[in-house]
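In what follows, every chain begins at residue 1, and chains take the letters A, B, ... in the order their sequences are listed. Predicted model only: the values in this text are computed from it and were never measured.
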Number of protein chains: 2
Amino acid sequence: MATIKDVARAAGVSVTTVSATINMSAPVSAEARAKVLAAVAAVGYSPNPIARNLRLGKSRLIGLLVPDISSPYAAGMARSMQSALADKGYSMFFSSTQEDSARELADIDRMSDHMVAGLALLPTCLGADYAQNLAGHITCPAVLLDRVIPGAPYDCVADDNALGARMIVRHLVQLGHRDIAMIAGRVGITSSDERLSGVRQALADAGLALAPEFTVTHHQSEELAVRAVQDLMSRSRRPSAIITINSAQVRGAMRALRSMHFRAPDDVSLIAFDNFHYSAGFDPEITSLSQDVGGLSGAAAAMLTERLGWPKGEGAAAPPPPRLVRFAPTLIVRSSCRPV
Amino acid sequence: MATIKDVARAAGVSVTTVSATINMSAPVSAEARAKVLAAVAAVGYSPNPIARNLRLGKSRLIGLLVPDISSPYAAGMARSMQSALADKGYSMFFSSTQEDSARELADIDRMSDHMVAGLALLPTCLGADYAQNLAGHITCPAVLLDRVIPGAPYDCVADDNALGARMIVRHLVQLGHRDIAMIAGRVGITSSDERLSGVRQALADAGLALAPEFTVTHHQSEELAVRAVQDLMSRSRRPSAIITINSAQVRGAMRALRSMHFRAPDDVSLIAFDNFHYSAGFDPEITSLSQDVGGLSGAAAAMLTERLGWPKGEGAAAPPPPRLVRFAPTLIVRSSCRPV
DNA sequence: GCGCCACGTCCTTGATCGTTGCCATCCACC
DNA sequence: GGTGGATGGCAACGATCAAGGACGTGGCGC
């Protein structure tokens, strides 16, 4: 490992000159610059980011935390963000927090120890005083993905769930559905809450209502969706359509229907807030909202890097206040919904 | 940020004593230890890993690189490895290389600059002299995931593809299939090559053969699988069963069949080397091999940490030679295959 | 015209970031 | 006096940055 000293020796200049050349932090004569660049090439020098980070007290590292990297939504986010940030010269720290907020906070701490410049967080939203806990651990600019934490001082990118809800409800209502059930997620996760209240509102606008016995809120796992759908479909009065909020629930719903020898859309229509690669492989193919994961990730990366590059100091303009950007989903009509 | 000096001042001892207490690198009296620990708690000290890494020339960081984090296989690996390594106090650097070996090598370099202790790599296996290129960039212990690079000086965990092939072939042959087609992946990726040659061998053992016109090798994308299956199924002589090597190909195969108004297993049986969450949501549910991703990841993490902890120096035993560990898959019989 | 000072440019010396490890020192005890 | 455990001082690790030196140039006063 060649160090800056080796370069200085090879170039016959001081380490400061080498540093100034590389970082363009001070004027260097053309002659000296040429000698330095030649020496850099000759000894195969690449700056040691560890030493630089120590000296500067900051790094070009971004921490990414998601509850479960196995979910297509999180994986898509991770892929796009990593790509976008790598293009801007950032490397990525990663943690799949397994829906465990203690782990999440601990990993944020570890990342902070490594002086990450920023964080991208799909938050677990678990535990009392979650927002406050988070604030106690995050010491750098952060961007929240998918889930809003009201009042938190971070940029946030999210789906336009109210719009998505209107799209879904309009589609179902146009098909004549009135007995609509919804399986939402854990209360307190805004993406789920917004989808639920959006559906409620959209139904109200259409003169309909989401019956309490047709409303399920719980953790969004496949198993619980299986039970929820089995329960819904064994009632004397059954829904004619079921809305789910993510891909795991779609899997669960399909399994539940099959176990009861029901079929979508013959016995019940199925529609989801979340599209995924496999939607098209199901039979029926699942009508679903496609969330703009690429758009979200791009915006998140852009907002984060904007904040990281914000000039500091006396004369500098104040950074923008926390922003919330929403992206419109697209309804992909496939074959899992049919007219009543 | 409290530093070790703050602790030393608060405890009334030297920084050396604080360091010795924390690292247990030298004997410290019970009295001093108590003072140090109290001071650590009082000032809220946490060691600065950057400074430590600089000083020691190594870190507790592991780099993970996969071609595409969106694939369930890679995501499962990432999740398990991150979890296992976090438990041992390692943090994770992450890169989704987008099936681009230049990016892969560049990211390995960046990770090396950050003095990662080890690498976990699901290699792209792309480009001429791939193994040699890799060797030129990897400067720390590494473990290869899923894809073997023959002769490379790294531990490797992989599926037992020969066994998997025998299981698949036995299942199909028992159902009376003789006209079997296989869609493999890019040549040069051992997991694909082994699956193909394993199927060939297993068929040969059963007195059958894989017809050249029923053998497709290409990059393992969904789109190419669509075309391959459309092609296979538009022949005058059609296969009675199709074997695919991964989940993207299953999606493609399902789409192709639907586009031609065929149905599995009525018109053709379908079986896959790779199980995934969504296999059960498909109709038919896909009969597939479940690869032991958890086992693979656990072994990979264990082998890597074993090497990282290997004592160095004169008297120490030599580290083990590169090891290749294979994990047996399980055949999950679902409803996508039927007797001829 | 000469000498001095001021100034700008380019470069170097030396301190520093927080940590660890080598070595010297100190004290108590045999 | 030797031994050995406990502790502190100091120099690194590789980089950046503040301060100041060297040097050439130009303006100005005598």
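For the pair L54(A) CG and dA15(D) P, the interatomic distance rounds to 12 Å; values are reported in whole Å. The nearest whole Å value for the distance from the CZ atom in R52(A) to the C1' atom in dG18(C) is 18 Å. The nearest whole Å value for the distance from the CE atom in M1(A) to the P atom in dA15(D) is 11 Å. Atom NZ in K58(B) sits about 14 Å away from atom C1' in dT19(C), given to the nearest Å. Atom CG in D113(B) sits roughly 10 Å away from atom P in dA15(D) (whole-Å rounding). When rounded to the nearest whole Å, the span between CZ of R60(A) and P of dA15(D) equals 17 Å. The nearest whole Å value for the distance from the NZ atom in K5(B) to the C1' atom in dG9(D) is 13 Å.
Residues forming a salt bridge (Lys or Arg N to Asp or Glu O under 4.0 Å) with D159(B) (at least two apart in sequence, or on another chain): R195(B). Every residue meeting the salt bridge (Lys or Arg N to Asp or Glu O under 4.0 Å) condition with R9(A), not counting sequence neighbours, appears here in chain and number order: D6(A).
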Just do the salt bridge (charged side-chain N to carboxylate O under 4.0 Å, His left out) check on D107(A) and R110(A) with the steps written out, would you? CA-CA 5 Å; D107(A) 283 345; R110(A) 281 212 285 206; 3.4 Å; yes

Expected rows: protein N/O vs nucleotides 12-15 of chain C N/O, under 3.5 Å:
unit_1	atom_1	unit_2	atom_2	d
dT12(C)	OP1	S14(A)	N	3.3
dT12(C)	OP2	S14(A)	N	2.8
dT12(C)	OP2	S14(A)	OG	2.6
dT12(C)	OP2	T17(A)	OG1	2.5
dT13(C)	O4	T16(A)	OG1	2.8

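Side-chain contact between S95(A) and M111(A): present, with at least one pair of heavy atoms (C-beta onward) separated by less than 4.5 Å. Side-chain atoms of Y45(B) and V36(B), non-hydrogen and from C-beta on, never get closer than 4.5 Å to each other. Contact check for M81(B) versus L145(B): side-chain heavy atoms found under the 4.5 Å cut-off.
Listed by residue number, the members of residues 18-34 of chain B with any heavy atom below 4.0 angstrom from DNA chain C are S19(B), N23(B). Listed by residue number, the members of residues 35-51 of chain B with any heavy atom below 4.0 angstrom from DNA chain C are Y45(B), P47(B), N48(B), A51(B).
Applying the salt bridge (Lys or Arg N to Asp or Glu O under 4.0 Å) rule to pairs touching residues 71-96 of chain A yields R79(A)-D68(B), D87(A)-R103(B), sequence neighbours excluded.
A donor-acceptor pair is defined here as one N or O able to donate and one able to accept, closer than 3.5 Å; such a pair exists between the side chain of R307(A) and the backbone of P320(A).
Between I62(A) and the options V116(A), L119(A), L304(A), a side chain to side chain contact (heavy atoms under 4.5 Å, CB included) holds for only L304(A). Applying the ring-ring contact (aromatic ring centres under 6.0 Å, His included) test between F94(A) and each of F94(B), Y90(B), F93(B) identifies F94(B) as the sole match.
Among the protein residues, L56(A) comes within range of the sugar-phosphate backbone only, with heavy atoms under 4.0 Å from sugar or phosphate atoms but none that close to a base.
For the atom pair OG of S70(B) and CE of M77(A), the computed distance is 12.0 Å after rounding to the nearest 0.5 Å.
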